[in-house]
Amino acid sequence: MNNNVIRETSIPGLTPKRGKVRDIYDFGDSILLVSSDRISAFDWILPTGIPDKGKVLNQLAEFWFETLGVQNHLITTDVNEMPLPPGTDRSQFAGRSTFCRKTKVFPIECVVRGYLSGSGWKEYLKSQTVCGIKLPDGLRESERLESPIFTPSTKAETGHDENISFEQMVEIIGQNAADELKSKSLDIFQRGSEYASKRGIIIADTKFEFGLLDNEIVLIDEVMTPDSSRFWAADQYEPGRGQLSFDKQFVRDWLLNSGWDRNSNPPELPDDIVQKTREKYIEAFERITGKALSFVNY
């Protein structure tokens, strides 16, 4: 099952910064973002990867960059066009890499919520708010909000991002930038949601990242992928309960029932959980894009 998992990549002479999922290589004015097959849950990187997960993330983000027509950092996803040094094994990057312009990254996760779910639902039960935003009484779990709400958070290198108010966001990056990031986030979410809904997928919530390039705010990183979003099957949507999702829910559920204490190293995932998770990621990609995932290796 895991023979073709890419957990880590390497380039001669370059040391990557490794996040939970991505390997990031610095090329001066440009960077190479590589989506590995690592998967995280409950703030742990799991010992078992999900085959082709990184390809789904990278190719779906590329699709959205092209489809939305928003200014972004993308240069190329073609491994043959990337300035990799001699001796680099290019096959490890095929289909899962984005060569892009370096930006000054805003230290904000721009979260947009269109439905009441996850941590938002838990907060609503306690206070009828989501990230401090007052919502109407009587809403049910997974219910569609009257209008999407913008709920920014800080970017955490490790552990959880911390929800902040829009006013706190203004204090961090300034009023003009905060207003533009909020406006762009809500616009992109609305257009992406409308596109996905025509293909049978509800985007319940998502998060965006932005950077400053030549004094212009551009969209960066991943865009509306199963890692950064909550995707639901529209034909099975029913408010009042949790929804069938196209992400790592199989993994979370298995871990919760495994007896793992979430304080020690996590266990290996069984093959059937790996397979089901892989299938969900690929199904999300194919539903949204209308095309098959590229498995071409360099």
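Across S185 and F208, no two heavy atoms sit closer than the pair O-CE1, 3.4 Å. When all heavy atoms are compared, the tightest approach of D205 to F189 is CA-CE1, 4.1 Å.
In this structure a side-chain-to-backbone donor-acceptor pair under 3.5 Å is missing from D221 to E209.
Judged by the 6.0 Å and 45° rule, R199 forms a cation-pi pair with Y195.
Between the side chains of E180 and N176, no donor-acceptor pair of N or O atoms lies under 3.5 Å.
Considering only heavy atoms from C-beta on, Q168 stays 4.5 Å or farther from T154 through its side chain.
The aromatic rings of F42 and W260 sit tilted relative to each other, their planes meeting at an angle between 30° and 60°.
The residues K20 and D43 are annotated as salt-bridged, a charged nitrogen and a carboxylate oxygen being separated by less than 4.0 angstrom. Between K17 and D26, none of the side-chain N atoms (NZ, or NE/NH1/NH2) sits under 4.0 Å from a carboxylate O, so this pair counts as no salt bridge. Salt bridge annotation for K276-E279: absent, with no cationic side-chain nitrogen under 4.0 angstrom from a carboxylate oxygen. Remark: D23 does not engage R96 in a salt bridge, criterion side-chain N to carboxylate O under 4.0 Å.
Residue K198 places its NZ atom among 12 or fewer non-hydrogen atoms of other residues, nucleotides or ligands, all under 6.0 Å distant.
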